[in-house]
Each structure stands twice: as structure tokens, then as C-alpha cells.
**Student:** 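Can you keep this structure in mind? I'll have questions shortly.
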Amino acid sequence: MWNTKNLPVFALLAALGSMPFCATVSRAEDAADLILRHGRFYPVSSPGAREGSLVVRDGRIAFLGDDAGAMALAGSGTEVVELGGRTVTPGLIDAHAHLAGLGAALVQVDLVGAASYDEVIRRVREAAAGLPEGAWVRGRGWDQNLWPDTRFPHHAALTEAVPDRPVWLTRIDGHAALVNARAMEVLGIDSGTVDPAGGRLIRDEAGRPTGVLVDRAMELAAGGIPGAGTEERRRQLELAARHVASVGLTTVTDMGVGGATITDYKALRDAGRLPVRAALFLTDDEALLESWFASGPEVGPERRVIIRGVKLYADGALGSRGAALVEPYADDPANVGLLITGTERIADVARRALGAGFQVGVHAIGDRGNLVTLDGLEKAFGGEPHPEARFRLEHAQIMRLQDIGRCARLGVIFSYQPRHATSDMGWADERLGPQRLAGAYAWQKALAAGGRLALGSDFPVEPADPRLGLYSAVTRQTLDGEPPGGWLPGERLSRDEALRGFTLDAAWSLFLDDEVGSLDVGKRADLVVFGRDIMTVPAREIPETRVDLTLVGGEIVYRREESSE
Ligand SMILES: [Zn+2]
């Protein structure tokens, strides 16, 4: 991370202390640090691919063109990587994710893909056996939509399996949790507990909590569950950052962080333990926002940790029926979902953010969540478009058609996660009914309206691997190729549109497009070397296209071991 090349020339001269070395030193300063030779490069800023070589100097792209022109910049210390025709794209950017959440998820009981409640309980019981007495069991990733019985679970079976220690299991979307009886006892949750605003305790006929806490009801646990210590948190964050670098990500977003997490990021950066760039969005906490609005955005050294965004939540998620809808759920006629933040609060935070130089990203999933958000942003904008503010609708899953047009007109970015469409397509129509599907996961309608798409994964809700996101974006199919032709296939993205959404337009959505997102001379050398041409392989092979090298700021942060794959 730190080498002599980053030192100013005078410091080197002082260190060497003698003039005869001067000429050598200045030549070394001019020479390339790294040349990627004989490759196929997708610059993204211009269409198509070009064959040739790319030169990295001082962490930036110094040249992209013919092989001879590149080799003319080589010096004695230049590392040359022979690509042999392999493909290079700009480093992939995840515009909406939770890196610290991924770190925590990596050490929790993994419930992703569990095909039944019994399977969840089996995994929890196994994990519990290895923990110290009284310790909480934490798990993440259950999804009742995958079970034979798709209703929310009841804690009774879980309590029977693990009676003696508290259990907390977060749903796949992070918008609900299942707890056992011991946890409810510790947290003081019982029949007398009132539903908090923006949250709900699922109850049985007698009014007793079933153990499922939806949205803000999860805050009943605030302070009740002991968290990881500082060094453990940082270890988890580093683990997550190394993982995402290995799948080709060079910049990730962390949506909704507080002060402790920000300190963790900076500490890792300063210790050279953060291999990727991280753009942090502050969580909606009034004291946190006030202090950051007073001090202003921070981009930090080398654009490694950037703090200039605020995350708000308009509503919940579709899977737990917390997404706020204009009309009731098609499969739950008494339910219109949960509005978490209203127009006034959104407008107020947006106005202050504008004044302080921050951007706002609002989680909005249901059509009512989206319309309330756009009302708030439009108010803050005084009714005028404000593309330069780079405000964002996070998820933007179900929208009235007129709101898709309004979002594009206001210059608000559509922050989409293509995998959400393919994860939800099995049951979204039951929740929504046929009419609302016209504005559901409507990527091409957003483009046609003149909107800009920033793509991401929402990991750890979905896997972090951007190859899976690219695949979902261009196919709208499961990995098995279902349904044939893709779900609502008119909304599929082209390969170029998908790559742009994961690179240049994601960079735009983070105020990073001057620095990264395309293979242009002068930009920071963030890029990925793929084993094959991910832009032309058959779509079903996109997920298995090897990542051979990941570079951030010209530094190789991931190199595939020869033996793997
Ligand atoms: Zn998210």
C-alpha cells in the first residue's frame, strides 16, 4: 500500500543523499509501474472493446493503446503482466451494499437457502452447540418463501430446540427477525409489548408475540444484544473487503453506517487493511447527521473512504410485506405495508443535505414508498430537476409509471439491484397482482424515461459477486435459466447497459466518476482482468467467468491462485 513511489521526489533525493543517482531516480519516476499487455479492454466511456495494452503509473492509467506504445513506457522496475488476450473491464462498483453487514454475516450462522424451517433449526442447533454458555446465537438469511409453508414461522419449534440461550435470526432482507423465548425474556418482549411506530410484532390469535419482529420492531433489541468488540469488528470488515476484491469489486458502498463503523473503516484504511474503496452513507440518526452536516463531506486520502451520503428508509421490504403500497397487498387485502419515514422528514433531511454538500439515498420499495420519497425530494428541490445533487432511489422496485417518469425528470438516480428481481420473481406477482407488475423492476422503462441506473447487489441480502448481478441483469432468469426468455423480459438490460450500471454510472452515483468507473487516461487504475470475455460469453457462462486479477489504484489487491479453478 505504501511504497517509495508515493514519496515526493525531494524525499527520495534526500533519502539517497547523493546526486549521481538523480538521473536514475527521475527515469524511474517516469517509467510505468505496471503494464497489462496483449489484452482486450472495455473502456465503457467509449463503446466496444479495443485490443492492446494498458499502462499504470502512480496508481493511475497512463496509457491505453497499441502494445508498442505501451512498452515504450517500460523501465527497469516495470512489472509486465502478459494477458494473452484476456479481457479487462473497469473495476466493478457495487452502488448499494452493506460491507460491514457482510463482515458480520460471514461469522453468523448462515441460513441462506435453507429449504425449510426444520433446516433453519438444525443449522442453529449445530452452531449453538459450539458457543460458550449463555452466548447469543446469531444467524442471518432465512426466507420463508423458500419453505413448504410460506407463512412466517412461530418461535415454538425454535424455542424447543434451543431453550437455554437467546437466539436472534435475521430474515434474508434484514427487515424482520425471528427470536426464541429466551431472547424475548432477555429483551422484555411479551403480550403487553406495543408495536412501535414503523414496526410490527406478529402475534397469534391470543395476541402473544410469535417471535417475528418486523422492521422497527427489531429495534426492541437495541442495546440488548452484546455486539462484537472493536478488533473483532475490524477483522470482519477486512474479511468482507478481501472477499469482494476477489470477485472483481473495487468500490463498494456501505448504506447506513454510524460513527463506530466509520472509525473502523478509517482505521483499516490507515493500517493498509482496506483493499477496496468504500463509499459510506450515514444512517438516519439526527445527532450523527447534524455533526456531519456541520463539518461537511470527507473524501479522504486516495479516495479510499468517502463519506458524503445519507441513507433514509421510506418503507420496508416486499418479502416481509413491509413495502408500502398505494393499494393493499394482493395476497393480504388488509395490509398496505409500513411507511417508515414520511415526506416531511425526507424533504427536511434532503434540503439540509443539499446545503451541506451531501447526497441522499432513500430506501423505497413499494409504489407508495417511492411516491412519498419523490414527493419529499421534489419538495427539497423546489420542484426543479437537480441531477447534480445525485440523489438516489434505493431499490425503486415497484413504481407507478408516472413516478418512473418523475424520478428521471428530477435527475434522481435509480439504484437497482438486479438480483432482487430474480430472487423475488417467484412470488412478486402474488404480492402485487398483475397490474402493478408494469412498474415492477422496470429497468428499461427507467432508461427510456431518460433515467440513470446505478447497479449493485445489496449484499449480504444477495451474494456480493457482481457476475451474478450482471447475469440477472441481462437474463432476468434463475441460474437454471428459468423462466425461459426471462421474467418480464422487456426489462432486461443489454450487456453494455449492465456493465455501465456496475461501473461508470455507479461511479457517477457516488461522485466518483472523475476518478474511477472507466478505462480513461488519468483515472485511477481500478480494473478487473477476466479469464474470458465476460461481454461476449454465452449469458449462462457469465457467473463462472474467472476473475484473475483485481487492481485498485494500480495495486494488485487480488490475484487468482494458479491452482484454483
Ligand atoms: Zn440495503
Side-chain angles (χ1 to χ4, degrees), residues 92-106 108 112 140-143 170-177 198-199 214-216 218-219 237 240-241 243-244 249 251-258 261-262 265 278-285 307 309-320 322-324 337-338 340-341 346 349 359-366 369-370 373 391-399 412-424 441 453-466 468-469 472-473 501-502 506 509-510:
L92 299 174
I93 298 173
D94 194 316
H96 180 121
H98 305 274
L99 193 67
L102 177 63
L106 288 174
Q108 286 189 30
V112 174
R140 196 178 204 296
W142 59 272
D143 181 359
T170 312
R171 195 180 179 280
I172 182 79
D173 60 8
H175 284 268
V214 179
D215 284 312
R216 288 236 150 127
M218 291 191 289
E219 291 174 13
L237 189 56
H243 171 68
V244 301
L249 290 169
T251 298
V252 293
T253 315
D254 202 330
M255 299 301 294
V257 300
T261 309
I262 294 170
Y265 272 105
L280 313 183
F281 278 57
L282 305 168
T283 194
D284 183 11
D285 172 278
I307 304 147
V310 176
K311 167 85 178 291
L312 300 177
Y313 279 94
D315 63 352
L318 194 63
S320 46
L338 290 165
I340 295 174
T341 311
I346 292 170
V349 174
Q359 61 183 148
V360 171
V362 188
H363 166 115
I365 290 189
N370 278 286
T373 300
F391 282 10
R392 323 182 343 163
L393 277 187
E394 305 303 328
H395 313 307
Q397 282 175 9
I398 300 122
M399 294 179 73
V412 174
I413 297 159
F414 295 82
S415 169
Y416 287 133
Q417 299 74 41
R419 277 273 303 196
H420 281 338
T422 49
S423 295
D424 297 358
Y441 313 84
L453 275 50
L455 302 182
S457 69
D458 204 11
F459 69 70
V461 176
E462 302 282 354
D465 192 334
L468 297 174
S472 287
F502 272 109
S509 82
L510 300 169

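Ligands are counted one by one from 1 in listed order, and the atoms in each one are counted from 1 as well.
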**Student:** I'd like to know if the Zn ion (ligand 1) has an N/O/S atom from His98 within less than 2.8 Å of it, counting both backbone and side-chain atoms.
**Tutor:**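 It does: His98 brings an N, O or S atom closer than 2.8 Å to the Zn ion (ligand 1).
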**Student:** Could Lys311 and Asp284 be called an ion pair, given the rule that one side-chain N must be under 4.0 Å from one carboxylate O?
**Tutor:**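 No, this pair does not count.
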**Student:** Decide, counting backbone as well as side-chain atoms, whether Glu394 has an N, O or S atom less than 2.8 Å from the Zn ion (ligand 1).
**Tutor:**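 It does not; every qualifying atom lies at 2.8 Å or beyond.
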**Student:** So which heavy atom on Asn370 is nearest to which on Ile398, and how close?
**Tutor:**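 For Asn370 and Ile398, the tightest heavy-atom pair comes out as ND2-O, 3.2 Å.
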**Student:** Side chains of Tyr441 and Asp424: do they bring a donor and an acceptor to under 3.5 Å?
**Tutor:**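 Asp424 and Tyr441 do have a side-chain donor-acceptor pair below 3.5 Å.
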**Student:** Hey, would you say the His175 and His363 ring centroids sit under 6.0 Å apart?
**Tutor:**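 Yes; His363 has its ring centre under 6.0 Å from that of His175.
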**Student:** So, of the N/O/S atoms that Asp458 has, which is the nearest one to the Zn ion (ligand 1)?
**Tutor:**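 The atom in question is OD1.
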**Student:** Indicate if the distance from the Zn ion (ligand 1) to the nearest N, O or S atom of His363 falls below 2.8 Å.
**Tutor:**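 Coordinating: no.
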